[in-house]
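When a residue number appears, it is its place in the shown sequence, counting from 1. This structure is a prediction, so every number in the text was calculated from the model and none was measured.
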Amino acid sequence: MEQGIPNDLVSLLELRAHQAPHRQAFRYLGATSGPTAWTYRGLRDASAQVAQALLDRPGATRGDRVLLLFPPGLEFIQAFLGTVMAGMIAVPAPAPNPLKPKMSLQRLQAIVASAKPSVVLTLGGVLTALEPVLGDVPQFAGIGWICVDGQPGSAKPSAGMDRLAPLQEARSFPIPDPSDIALIQYTSGSTSDPKGASLTHGNLMHNLRYFDVGWDHSPDSVVVNWLPAFHDLGLVYGILAPIWGGFLSIQMSPIDVIQQPLAWLRAISNHRATHSCGPNFIYELCNRKVSQAEALTLDLRSWRMALNAAEPVRPETMRRFSERFAPAGFNPRSFCPGYGLSEGTCKVVAVPWYEEATILHLRSDALERHEVEPGFPGQGTIEVVGCGRPEFGVSVAIIDPETLSRRPSGKVGEIWVAGPSIAKSYWEQPEATARELRAHLAGRDDIAFLRTGDLGFIYDGQLFITGRIKDMIIVRGANHYPQDIEFTVQDSHPSIRAGCVAAFAIEEEGEEQLVVVAEVEKRTEPVNGDSKKAGESSALTALIKAVSEVHGLRVARAVLIKQGTIPKTTSGKIQRQATKQKLLAGELEVVSDERRVVAAPADALRDHIRARVTDIISDVGSIPFERLRPDVSLHGLGVDSLAGVNIAYEIGLMTGQDVPAELLDERDTIEKLVDYIVAQGGMR
C-alpha cells in the first residue's frame, strides 16, 4: 500500500480529502433518514462540523470523553471522526432500543459511570425516545447532547438538543500526537464492572497497517461491513481500514444481515466486493438460510478475503459454506481465520488471503490435559483451525498462567500478546492495567504483555485457539460474562438462591448454546407433586424470560437443582466448569430440567422467533412450557381476550410495528403467530 501515511486519524482524513475529494468513501445500504453516501471531502467537512460543535461547548477541553449512541447508518462515522478531530476521546456504545429505552439505558449506566463523558453525540430520534426516561438515570445528569442530524434544513430538533453550526472554513483543528488517546473501546465484558481499553492514535494506525499485511488491499478494493460500529472489528476494519487504504466501504445494518443473510451476500455480489468478514455464526446462518437456488443468483468471484473471527472458528462451517457457494464462484482459499480482541485494538493474527486455512486433528483426551497430540480424523479427535502467524511487530507467547513461564512446544497455555497495537491502559483502572495489559514473564521485565485469558498453542508458527481461561460465553459473536447472566437469574424468581447459579455454554449444532443451572430453596420443593411442578415451572419461566429480556439470549437448557449441591470452591465461588461436567455426566441432583429444542438448520431464524413467542405466551397466559405446542389452539389452552390483547402488544414490541389487538382471533397458534412475524420482517 501507499507510503507516507500519517500517524494519526485526523491527518489521515485530511490527506484523503485532499488527494481524492470526490472519491466515494462510504455507502450505506438499507433504510435511513440520513446520508446514504460520503465522499472524502464531504466526510471531512461533516466531521469538522461536529468537531466545531464539540469545541464550542462551554468548558470543552482536549481529552473530554464523548459518548456515541447511533443506530446503523453513516452518521456514526461523521461523529467518530469529528470527536477525534476535536482532540477528544470517542466512547462508542450500542444505541438504546427505542421500544424499551429504560432497559437499554441500564446497560449504558456502567459505561457512563466509567468514562464520565461530558457530551453525547446521537440522532434526534434517539434522544426523543430517551428524553422521557433520562431523568431516572442519574449517570446522565449534567451531560450535554448534540444531535448530528440537527443541521440547517433538517427537521427541527427537540428540546435539549444542540444544533450543528455551519462550518467555519477558517477553523483549524489540533493534530493529535500518536500517544494521545483516540478511543475507549469497552470490551465485551461484565456490564457491572466494564473495562474500557484506551487506544491511542498510534495503536489504531499500527493496527490499520497490520490489517494490510497479507490481505492485498488497493484503492480498487471494496469492503462490505455489517458489523456494528461499537464492535472492534466493525469499527477498526469495517470503517477505519478503508479510510487508511483509500477504498470504498459498503455499510449495512447488522439487523438486516442477521435477519436476511442473503442480503449480505447480494451486497458482495452486486458491488464486486473484495473483502468482507464476520463471526462464524454468520457463515453458518448463510448455510442454513440461503437456498441452493438463491446461491445460484450470486456472483462471489470477486470475494478474495473472507475473515472468520470474533468467535471460535468451525471447520465444518467453512466446508459447508464453500460447498454451498462454490457454484456462485466462492473460492475456499478466500477464508481467512483470524484472532483478535479489543485490548489489542483488533487484529492479533490472521491468515493471508493467498494461504489455505490449516486444520489439525487433535486427540481430545490429550487436549483436555493441555497437550497437543495429532490424531486421525474420527471419534476421539477434534478439529482446530490455524488463525495465522504474528507479524509486523506483534509477538505471541504461550504461557503457563500459574508459573508465568513459557510453555514448551506441544503444550497448551495462556495466549500473551505484545506489540504496538496493545492498548495504553484500561481507562482509570491502574490495577487491571498492570495485571492484564502490562504482565511480565517470571524473572523478566523487558517486555510487557497483554494477558488475553484465552488458551492456545503455536504449531508451525501459527496460533491455534483451544479455549478460554475466562468463563466467557460467546454466542453469535457476542461475548457475555457468566456472572452477569447469573445475577439476572438469581433475581428473576424468589425460589432461586442468590450466589448459587452457574451459567456456561455447550456446543450444539456447531454453535454455542447457553445453559443455566440454579439451586432452588428447600421450601419451594413441596411434597405435593402438582404444587411442586407448578413452582418449578414458574421459576423456569421466570429465569428464561429474564435472560431473554436483559441479555437478548436464548436459554437452551435451564436446570434447577437441590439446595446446597452446586459445586463451589472452598471460598464459596461457583465452579462453572465443574457444574458443566457434572451436568453432562448426570451427577447433579436435578429437581427440574427444561430443554429448549435446538433449531433445525433450515428453520434457525423461525425457531428463534418461535422461542420468543412461546416465552411471551407462557408469561402472559401463565401456561407451562410443556403445554405449549406450535399447532395447539391458544384459545383452547385458556388464553382469553384480555391475554390475547397483551400478547399482541408484546408482539408489537418484538416487530417494532403496530399490531392489531385482535391478532389472536385469526392466528391462535404459535406457528401462525410466527408466520405473521416473519411476514412483518421478523424481530427488531
Residues passing the side-chain hydrogen bond (donor to acceptor under 3.5 Å, both in side chains) test with Q581, sequence neighbours excluded, are none

| said: With a 4.5 Å cut-off on side-chain heavy atoms, are L121 and E75 touching? | reply: no

- prompt: Does the distance from a Lys or Arg side-chain N to an Asp or Glu carboxylate O, for E521 and K562, drop under 4.0 Å?
  reply: no

Keeping T565 on the side-chain end and E589 on the backbone end, is there a donor-acceptor pair under 3.5 Å? no

Residues passing the side-chain contact (heavy atoms from CB on, under 4.5 Å) test with D615, sequence neighbours excluded, are I544, S548, R596, R612, F625

- Query: Considering only heavy atoms from C-beta outward, does the side chain of R497 approach that of V520 to under 4.5 Å?
  - Reply: no

- Validation row: D668, S633 side chains within 4.5 angstrom (heavy atoms): yes

Pair R554 + D607: basic N to acidic O under 4.0 Å
yes

Residues at least two apart in sequence or cross-chain that pass salt bridge (Lys or Arg N to Asp or Glu O under 4.0 Å) with K545, listed by chain then number, are E549, D619

W264 meets the side-chain hydrogen bond (donor to acceptor under 3.5 Å, both in side chains) criterion, sequence neighbours left out, with S276

**Message:** Counting neighbours of CD on Q490 that are heavy atoms of other residues, nucleotides or ligands and sit closer than 6.0 Å, is the number greater than 12?
**Reply:** yes

Do E519 and I496 come within less than 4.5 Å of each other through their side chains, counting heavy atoms only? no

#### Entry: Any side-chain heavy-atom pair of L673 and I651 under 4.5 Å
yes

4.5 Å side-chain heavy-atom contact, V112 and V120
no

Taking it one step at a time, do R606 and D675 satisfy salt bridge (charged side-chain N to carboxylate O under 4.0 Å, His left out)? CA-CA 9 Å; R606 287 181 62 88; D675 290 338; 2.8 Å; yes

Residues passing the ring-ring contact (aromatic ring centres under 6.0 Å, His included) test with F330, sequence neighbours excluded, are W303, F321, F335

- Task: Kindly indicate whether the side chain of E507, heavy atoms from C-beta on, has any atom under 4.5 Å from the side chain of P312.
- Result: no

Those residues at least two apart in sequence (or on a different chain) that pass side-chain hydrogen bond (donor to acceptor under 3.5 Å, both in side chains) with N270 are none

Practice problem: Could you tell me whether E671 and R629 make a salt bridge, using a distance below 4.0 angstrom between a side-chain N and a carboxylate O? | Solution: no

Rounding to 0.5 Å, atoms CG (L227) and CE (M252) come to a distance of 11.5 Å

Query - Side-chain heavy atoms of R320 within contact of E284, under 4.5 Å - result: yes

Query raised in the report: Salt bridge check: are E323 and R319 linked by an N-O gap of less than 4.0 Å?
Result: no

field: Any donor-acceptor pair under 3.5 Å from R557 side chain to I506 backbone
entry: no

- prompt: Ion pair present between E486 and R576, side-chain N to carboxylate O less than 4.0 angstrom?
  reply: yes

